Amino acid sequence: LAEQPARDARATATGPGRVLVAVYAVFALSATARAGVQLATKFHEAPVAYLLSAFAGVVYILATVGLVRTGPAARRLAWTAVSIELAGVLVIGTFSVLDRGEFPDSTVWSDYGSGYGWVPLVLPVLGLLWLRHTGRRSG
Amino acid sequence: VIHPLAVAVLLLTAALAVFGIVTTVLGRPAERPHVLAVGLTEAVLVVQALIGAARVLGGHRPPETSTFMIYLAVSVCVLPLGLQFARAEPTRWGGTVIAVAAVAIGVAELRLLSLWGAPVG
């Protein structure tokens with residue numbers, strides 16, 4: 001590789017990682033904006049779903065920030081946010097399939113993100129793999 | 001939203017996404033052709049946003065006007081940001097970054113169409 005940073009772990013926002021960050025940024029924007037509108041205009045229709053959407057939006061924002069920035073703190077932030085994201089899509093996905101009544105309006109993570117082309121399910125897996133890959137010490 | 005213009009946006013964003021992915025496969029970084037392709041698509045998006053905003057101000061109110069306006073604003077902002085982010089990447093992956101932005105705009109365009117109340121396709 002031509003560019004070898006002088007730190008133990010490689011930067012997460014270069015090469016294919018930049019594509020990952022771009023997808024995270026798109027989801028951070030869309031999930032947050034959508035939740036904002038829902039909370040502002042029709043909060044009482046499905047408060048659980050909208051609050052979950054907002055939570056998902058915040059998680060995507062934190063993951064984006066963690067992946068864009070370099071350094072141990074940013075890496076920890078990215079690990080935490082992407083792990084919560086994976087747990088979120090699995091838990092909410094399962095609940096939404098089992099109990100329709102609790103989720104009258106869909107969130108990003110409903111049905112494991114099938115409404116968003118399964119990207120919400122694939123993204124955290126790719127994120128964790130990428131963090132592990134870039135976290136290996138390069139000699 | 002004017003229907004032919006929306007179709008143009010969908011075709012342009014699809015072409016832009018394919019172009020970005022092809023340059024990644026060919027191992028080429030985001031360069032002048034990318035800037036021109038993004039510029040062309042962005043120009044159509046700006047025209048659409050101006051027309052859309054003018055029609056809303058002129059009295060046509062889609063059911064969710066505020067959501068519609070947010071999508072309209074986002075539709076003109078994402079590509080310039082994506083291009084900048086892609087150009088900062090010296091490797092082949094810049095093209096895919098542009099493709100991600102293009103797909104996002106394509107999806108936003110479909111939402112714009114359904115919010116406006118026009119049939120898609």
Side-chain angles (χ1 to χ4, degrees), chain A residues 1-5 10-43 45 50 53 57 60-61 63-65 67-70 105-106 108 113-120 122-123 126-127 130 133-134, chain B residues 13-14 16-17 20-25 27-30 34 38 61-112 114-115:
Chain A
L1 286 169
E3 10 122 50
Q4 201 73 272
R10 284 163 57 205
T12 43
T14 56
R18 192 161 279 258
V19 178
L20 194 66
V21 170
V23 179
Y24 264 104
V26 167
F27 269 80
L29 173 70
S30 56
T32 313
R34 186 181 175 198
V37 170
Q38 287 172 334
L39 289 174
T41 58
K42 43 181 183 177
F43 175 69
E45 286 177 28
Y50 298 154
S53 287
Y60 283 121
I61 291 173
T64 309
V65 171
L67 287 169
V68 164
R69 307 193 58 164
T70 51
D105 207 344
S106 61
V108 197
S114 66
Y116 291 79
W118 303 101
V119 176
V122 177
L123 199 55
L126 291 178
W130 180 245
H133 177 76
T134 54
Chain B
T13 52
L16 190 57
I21 289 169
V22 165
T23 58
T24 295
V25 171
R28 300 186 56 81
H34 294 80
V38 169
R61 297 265 182 235
E64 295 177 54
T65 305
S66 54
T67 307
F68 177 81
M69 293 302 280
I70 291 172
Y71 268 100
L72 215 50
V74 165
S75 73
V76 293
C77 293
V78 169
L79 276 184
L81 292 172
L83 179 65
Q84 215 172 14
F85 199 56
R87 292 273 284 166
E89 171 64 42
T91 70
R92 59 168 62 192
W93 294 101
T96 309
V97 169
I98 291 174
V100 169
V103 169
I105 295 301
V107 173
E109 185 66 34
L110 291 175
R111 282 291 291 149
L112 275 173
S114 66
L115 285 168

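Chain identifiers are assigned alphabetically (A, B, ...) following the order of the sequence lines, protein sequences preceding nucleic acid strands; residue numbering begins at 1 within each chain. Because the structure is a prediction, the values reported are computed rather than measured.
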Open item on the list: Using only atom types and a distance under 3.5 Å, with no angle test, would you say the side chain of B:Glu89 pairs donor to acceptor with the backbone of A:Gly15?
Closed with: yes
- [ ] Please flag which part of B:Val78 lies under 4.5 Å from any non-hydrogen atom of chain A: side chain, backbone, both or neither.
- [x] side chain
Open item on the list: Below 4.5 Å, heavy-atom pairs only: which of A:Ala33, A:Pro16, A:Ala22 has the largest tally toward chain B?
Closed with: A:Pro16
Task: Separation between CD1 of B:Ile70 and CZ of A:Arg34, rounded to the nearest 0.5 Å - done: 12.5 Å
Open item on the list: Could you measure the distance from the CG atom of B:Leu81 to the CG atom of A:Leu29? Nearest 0.5 Å is fine.
Closed with: 9.5 Å
Open item on the list: Is B:Ala88 close to chain A through its backbone or its side chain, or both, or neither, when contacts mean heavy atoms under 4.5 Å?
Closed with: both
- [ ] Could you look at A:Ala25 and say if it's the side chain, the backbone, both or neither that has a heavy atom under 4.5 Å from chain B?
- [x] neither
Task: Donor-acceptor under 3.5 Å (A:Arg18 side chain, B:Phe85 main chain) - done: yes
Task: Part of B:Val103 within contact of chain A (heavy atom distance under 4.5 Å) - done: neither
Open item on the list: Heavy-atom cut-off 4.5 Å, strictly under: side chain, backbone, both or neither for A:Val23 against chain B?
Closed with: both
Open item on the list: Between A:Val26 and B:Val100, does the side-chain contact (heavy atoms from CB on, under 4.5 Å) criterion hold? Intermediate values first, please.
Closed with: CA-CA 8 Å; A:Val26 167; B:Val100 169; 4.1 Å; yes
